[in-house]
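Nothing fancy with the numbering, it's 1 onward along the sequence.
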Amino acid sequence: MQFGASTWLWTSPFTSDQVELLEKIAGLGFDFVEFPVEDPEHYAVDELRPVLRDLGLDAVVCSAVVGERDLSAEDPAIRRKALDYFGSCLKLAEGLESEVLVGPLYAPVAKPRLSTEALRQAEWERSVGSLTELSRTAGEHGVRLGLEPLNRFETDMVCTVADARRMLADVDSPHLGIALDSFHMNIEETDFLDAVRQCGDKLVHVQVSDSHRGVPGEGNSDWAGLREGLRSVGYDGKLSIESFSPDASSLAEAVCIWRRFAPNQDEFARRGIAFLRDWWAHI
């Protein structure tokens, strides 16, 4: 297992000139860095790649699915705009040698809810059609997509692994898998072990924080069930800490981070990586 940290733990947005943050992440003992792409123009592959290589850090690319980045939209121009954004993310992933592009690719976070089942089904079908096209593009870049279920307060489309499996079945592409986030699982899944087993070999990435978005191991998440599930499906890939800094004001407001979970974000990361290494080594 490789352990990483999202740059969202410290800052928003990340830009390629923030080399000191990458040095910090490497110095804290992480194996990789997860890059959330708020704007593809913030990233310069030719600048980042040698820095990551020198620091011994791998990369994972995570999408920021907000606003009109909407593969389920009724307006084809909006769907095309979203596909263009994801296409830029795929180019970045390929350039940084990230094996996956993850996130709630199907629809934007906190999109207004729909009032009828017919409207929800129409959105589902448009999302499936868009994801089918995006999956082909991902295959061309040698990148696998990871569909992330979100909790009910952030989406009504894909909230559980069962929802994600249904969407994977409708898209039917080898380039589309599932990315799990333990924070959302803690709200929507009744059994961590069973949820991971439902993913099986479709699991391509894992993000964690604890039940309160805080330091891993300091909330009430089912860490034993998560570990047993990951081992049962043979997952030994990448697992990242994804939380957010209360100092990044706009992002903190969006994800409702109102209090600190550690004296500073470095200490959050330090305690988190220590817990995760002990947790995974446990027999």
Side-chain angles (χ1 to χ4, degrees), residues 1-9 11-19 21-22 25-26 30-66 69-71 80-109 127 130-148 164 167-168 171 173-181 201-207 235-242:
M1 184 75 77
Q2 288 184 299
F3 299 101
S6 170
T7 59
W8 265 337
L9 188 57
T11 189
S12 171
F14 176 85
T15 55
S16 292
D17 59 352
Q18 294 175 287
V19 174
L21 177 54
L22 301 179
I25 290 170
F30 289 97
D31 304 305
F32 71 94
V33 57
E34 186 170 297
F35 291 114
V37 186
E38 297 182 52
D39 184 340
E41 293 187 1
H42 290 160
Y43 289 84
V45 170
D46 291 342
E47 294 177 16
L48 276 176
R49 193 164 45 206
V51 172
L52 294 172
R53 186 181 302 115
D54 290 346
L55 293 173
L57 289 173
D58 287 343
V60 165
V61 176
C62 176
S63 57
V65 191
V66 294
R69 294 169 181 173
D70 187 356
L71 295 183
R80 177 48 53 189
K81 185 176 181 179
L83 286 167
D84 289 344
Y85 162 74
F86 289 122
S88 296
C89 291
L90 286 168
K91 290 178 182 177
L92 176 63
E94 182 180 23
L96 296 180
E97 299 179 351
S98 170
E99 296 178 353
V100 296
L101 169 65
V102 302
L105 310 171
Y106 40 87
V109 176
S127 188
S130 300
L131 282 168
T132 300
E133 179 177 346
L134 184 61
S135 296
R136 287 195 294 267
T137 305
E140 293 167 1
H141 287 281
V143 176
R144 200 170 181 193
L145 302 173
L147 206 67
E148 180 186 357
M167 182 158 277
L168 261 63
V171 175
S173 169
H175 308 299
L176 183 63
I178 299 172
L180 290 179
D181 184 322
D201 62 1
K202 302 297 185 183
L203 183 61
V204 300
H205 187 59
V206 181
Q207 297 170 331
Y235 183 83
D236 60 356
K238 289 181 167 62
L239 184 148
S240 65
I241 298 176
E242 186 196 59

Student check: side-chain heavy atoms of Q2 and F30 closer than 4.5 Å: no
What closest approach, in Å, do C89 and V61 show between heavy atoms, and which atom pair accounts for it? O-CG1, 4.1 Å
Minimum-distance pair of heavy atoms, taken over all atoms of Q207 and C62: NE2-SG, 3.9 Å
Not counting sequence neighbours, list each pair that qualifies as a side-chain hydrogen bond (donor to acceptor under 3.5 Å, both in side chains) and has a residue in residues 80-92. E68-K81, R80-E133
Over all heavy atoms of both residues, which pair between E38 and S12 is shortest? Give the atoms and the distance, please. OE2-OG, 2.7 Å
Greater than 12 external heavy atoms within 6.0 Å of E97's CD: no
E148 and Y106 have their tightest heavy-atom pair at O-OH, 2.6 Å
Can you tell me how far apart CG (D70) and CG (L105) are? Round to the nearest 0.5 Å. 12.0 Å
What I'd like to find out is whether the side chain of V143 reaches to under 4.5 Å of the side chain of S98, using heavy atoms alone. no
If I take atom CD from residue Q18 and atom OG1 from residue T11, how far apart are they, to the nearest 0.5 angstrom? 4.5 Å
Rounded to the nearest 0.5 Å, what separates atom CD in E242 from atom NE2 in H205? 8.0 Å
With a 4.5 Å cut-off on side-chain heavy atoms, are L134 and L90 touching? yes
Tightest non-hydrogen contact, residues L96 and A59, listed as O-CB, 3.9 Å
Is there side-chain contact between L131 and F86, with heavy atoms separated by less than 4.5 Å? no
Can you check whether F3's main-chain N or O pairs, donor with acceptor, with D31's side chain at less than 3.5 Å? yes
L22 side, atom CG; D54 side, atom CG - distance, nearest 0.5 Å: 11.5 Å
Quick check against the 3.5 Å criterion: does S16 have a side-chain atom that pairs as donor or acceptor with the backbone of H42? yes
In short, side-chain hydrogen bond (donor to acceptor under 3.5 Å, both in side chains) pairs touching residues 134-143 with sequence neighbours left out are E94-H141
Please verify the inter-ring angle class for F14 with F35; under 30° counts as parallel, over 60° as perpendicular, anything in between as tilted. tilted
Separation between OH (Y43) and CZ (R49), nearest 0.5 Å, reads 15.5 Å
Do V109 and P104 come close enough that some side-chain heavy atom pair is under 4.5 Å? yes
Less than 4.5 Å apart, any side-chain heavy atom of T132 and any of S173? no
Where do P36 and T7 come nearest, in terms of heavy atoms and distance? CD-OG1, 3.0 Å
Side-chain touch L71/L83, heavy atoms, less than 4.5 angstrom: yes
Donor-acceptor pair, distance only, cut-off 3.5 Å: does the side chain of S240 make one with the backbone of A5? no
CD (E34) and CG (L9) are apart, to the nearest 0.5 Å, by 11.0 Å
Do the side chains of S63 and V37 get nearer than 4.5 Å, heavy atoms only? no
